[in-house]
Amino acid sequence: AGVRNIDSNTVTSISKTSATGSFYGINSAGTATGIDNIFGNNFSNFTLSGSGLFYAIQNTTNAAHTQNIYNNIVSNISGGTGTRYGIYCTAANTRSLYNNKVYNIVGVDIVYGIVVGSGGNTKNDIYNNTIGALSSGTGTTTNGIVSGLLFIATGTTTNIYNNIIGNLTAPFSASTDGIRGISFTGTTASTSIFASFNTIYINASSLGANFGTSGIFHTYSSTSSTSNFTMRNNLVVNTSTASGTGVITAFRRSSATDLNNYNTASSNNMFYSGVPSASKLLFYDGTNSDQTIVQMKARLSPGENNSVTEMP
């Protein structure tokens, strides 16, 4: 219980030589209640080896805890074959992640900028973070997956705003959705997500046989109050190049079954995916492929009624 501050640490120029074992810059596990403040830390210039996981900052507290993670820098991480996490947090009651910079992380298979796991039962506020230059680009593996912001689960109210995400690459990936700017995969009941004023730019290509990317990904639910998703005033540009069966899309949903958990208050967004074609889409759900803003508005109506498409 109580307040725990982990702040103002600089850890740099570290080489990990072991073939196994996870590597943590900060690994903070919380008590039943209390507040964790992780701020002003700098983790940079790490060279890794082996298959172990890497977490620059991991904060796994408890269901009644408060997490505040802000003003941290994670940069220049390379080497090794394990999954890379810039910032990973889970298990809290309320959570604020803001003003963090995560950039220049290169891995082989899976690279995540910021991952918000379980918890945030009451409220998540994720804002003013800058995430860029993430690449699953070491070696020639076709398993490459990159996400700027990944939300595995969300609380009653999740606000994601004023984040900047860009320069995500996976040059050998053969995944039909190998890169996502912001990805919402949770299906927690009675939760609402509000994404606003975020800027996402993806311009990737791959030598993989089947490759696609998404600016924003949202998981379908037939229950409207499960991961109910509203997006307003976002700028989403995805000018990547597809290969094989992959498609490039600004907004992707996991299923075409219905739009029950897409909130039709969504609007005022700018989407762009290049010159419209069968593989250059504004909206895709595995079945429906909307190349133009007119088609997208018709499908999501009355959502996106004031949204536009153009290259900013």
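What you see below is based on every heavy atom in this structure, not just the backbone, and it leaves out hydrogens, waters and symmetry mates. These numbers come from a predicted model, not from an experiment.
- Side chain of Asn27 to backbone of Thr60: no donor-acceptor contact under 3.5 angstrom is found.
- Leu259 and Leu282 fall within the same hydrophobic cluster, where Ile, Leu, Val, Met, Phe, Trp and Tyr residues are linked whenever their side-chain heavy atoms come under 4.5 Å apart, directly or through other members.
- Pairs of residues two or more places apart, or lying in two chains, never qualify as salt bridge (charged side-chain N to carboxylate O under 4.0 Å, His left out) while including a residue from residues 43-66.
- For the pair Ile87/Leu97, a side-chain contact is recorded, criterion being any heavy-atom separation below 4.5 Å from C-beta on.
- Listed for the Asp290 side chain is no donor-acceptor partner under 3.5 Å among the backbone atoms of Thr292.
- Leu168 and Phe217 fall into different hydrophobic clusters, where Ile, Leu, Val, Met, Phe, Trp and Tyr are joined by side-chain heavy atoms under 4.5 Å apart, directly or via other members.
- No side-chain donor from either of Ser173 and Ser175 sits under 3.5 Å from a side-chain acceptor of the other.
- Applying the under-4.5 Å side-chain rule to Ile, Leu, Val, Met, Phe, Trp and Tyr, the cluster around Tyr272 extends to Tyr201, Leu235, Val237, Met270, Val308, Met311.
- Applying the ring-ring contact (aromatic ring centres under 6.0 Å, His included) definition to pairs two or more places apart or across chains, those involving residues 243-263 are Phe251-Phe283.
- In this structure, Pro171 and Ser136 approach most closely via the heavy-atom pair CD-O, 3.5 Å.
- In terms of hydrophobic clustering, with Ile, Leu, Val, Met, Phe, Trp and Tyr side chains grouped at heavy-atom distances under 4.5 Å, Ile200 and Ile131 are assigned to a common cluster.
- A heavy-atom distance below 4.5 Å is found between the side chains of Thr185 and Arg180.
- The main-chain N or O of Leu149 is never found under 3.5 Å from a side-chain atom of Ser147 such that the two would form a donor-acceptor pair.
- In this structure, OG1 on Thr130 lies 5.0 Å from CD1 on Ile164, to the nearest 0.5 angstrom.
- Summarising the geometry, atom OG belonging to Ser205 is positioned 7.0 Å from atom CG belonging to Leu207; distances are rounded to the nearest 0.5 Å.
- Between Lys123 and Asn159 the shortest side-chain heavy-atom distance falls below 4.5 Å.
- Contacts classified as ring-ring contact (aromatic ring centres under 6.0 Å, His included) and involving residues 289-308 (residues at least two apart or in different chains) are not found.
- In this pair, Tyr112 and Tyr85 present their aromatic rings tilted. The plane angle is within the 30 to 60° band.
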Fill in: Pair Ile126-Val116, side-chain contact (heavy atoms from CB on, under 4.5 Å): steps then yes or no
CA-CA 9 Å; Ile126 318 296; Val116 179; 4.1 Å; yes
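- Asn100 places a side-chain N or O within donor-acceptor distance of the main-chain N or O of Asn72, the cut-off being under 3.5 Å.
- The backbone N or O of Gly50 lies less than 3.5 Å from a partner atom in the side chain of Thr81, making a donor-acceptor pair.
- The OG atom of Ser307 lies 9.0 Å from the CG atom of Leu300; values are rounded to the nearest 0.5 Å.
- Placement of Met296 and Val236 within a single hydrophobic cluster is found when ILVMFWY residues are connected by side-chain heavy-atom separations under 4.5 Å, directly or transitively.
- Ile26 places a side-chain heavy atom less than 4.5 Å from the side chain of Ile38.
- Under the 3.5 Å distance criterion, the side-chain polar atoms of Thr66 are left unmatched by any main-chain donor or acceptor of Ile35.
- Taking the six-membered ring where the residue is Trp, Phe184 and Phe229 present tilted rings, their angle falling between 30° and 60°.
- Side chain of Ser273 to backbone of Leu281: a donor-acceptor contact under 3.5 angstrom is found.
- Just one of Asn305, Thr230, Asn233 meets the side chain to side chain donor-acceptor pair (under 3.5 Å) condition when paired with Ser267; it is Asn305.
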Practice prompt. Show the numbers, then the answer: is there a ring pair (Phe, Tyr, Trp, His ring centres under 6.0 Å) between Tyr55 and Phe23?
Written response: CA-CA 6 Å; Tyr55 301 83; Phe23 187 105; over 10 Å; no
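- Applying the ring-ring contact (aromatic ring centres under 6.0 Å, His included) rule to Tyr103 yields no partners; only residues at least two apart in sequence or on another chain are considered.
- Going from atom CD1 of Ile14 over to atom CG of Asn45 covers 10.0 Å, rounded to the nearest 0.5 Å.
- A donor-acceptor pair under 3.5 Å is formed between the side chain of Asn59 and the backbone N or O of Ser28.
- Within a 6.0 Å radius of NZ in Lys16, other residues, nucleotides and ligands contribute more than 12 heavy atoms.
- With hydrogens and angles ignored, the 3.5 Å screen pairs a side-chain donor or acceptor of Asn260 with a backbone N or O of Ser222.
- When side chains are defined from C-beta on, His218 does not count as touching Ile182, because their heavy atoms never get closer than 4.5 Å.
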Worksheet item: So Asn37 and Asp7, side-chain contact (heavy atoms from CB on, under 4.5 Å) or not? Walk me through it.
Response: CA-CA 8 Å; Asn37 298 313; Asp7 66 281; over 6 Å; no
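- Here the CD1 atom belonging to Ile202 is positioned 6.5 Å from the CD1 atom belonging to Ile179, to the nearest 0.5 angstrom.
- Using a cutoff of 4.0 Å between basic side-chain nitrogens and carboxylate oxygens, Arg252 and Asp177 are scored as salt-bridged.
- Arg299 and Asn288 are linked by a side-chain donor-acceptor pair at a separation below 3.5 angstrom, with hydrogens and angles left out of the test.
- Between the side chains of Asn261 and Ser224, no donor N or O sits under 3.5 Å from an acceptor N or O.
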Side-chain donor/acceptor pairs under 3.5 Å, residues 187-197, sequence neighbours excluded:
from: Thr191; atom 1: OG1; to: Thr188; atom 2: O; distance (Å): 2.7
from: Thr191; atom 1: OG1; to: Ser227; atom 2: N; distance (Å): 2.9

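- In this structure, Phe43 and Ile77 have side chains that are not in contact, with every pair of non-hydrogen atoms separated by 4.5 Å or more.
- The side-chain heavy atoms of Glu304 and Asn269, taken from C-beta on, include a pair separated by under 4.5 Å.
- Contact of the Asp258 side chain with the Tyr220 side chain is registered, since non-hydrogen atoms from C-beta on lie closer than 4.5 Å.
- Each of Ile216 and Val247 belongs to its own hydrophobic cluster when Ile, Leu, Val, Met, Phe, Trp and Tyr are linked at side-chain heavy-atom distances under 4.5 angstrom.
- Once rounded to the nearest 0.5 Å, the distance linking NZ of Lys280 with OG1 of Thr241 reads 5.0 Å.
- Panel note: side chain Asn198, backbone Asn163; a donor-acceptor pair is recorded below 3.5 Å.
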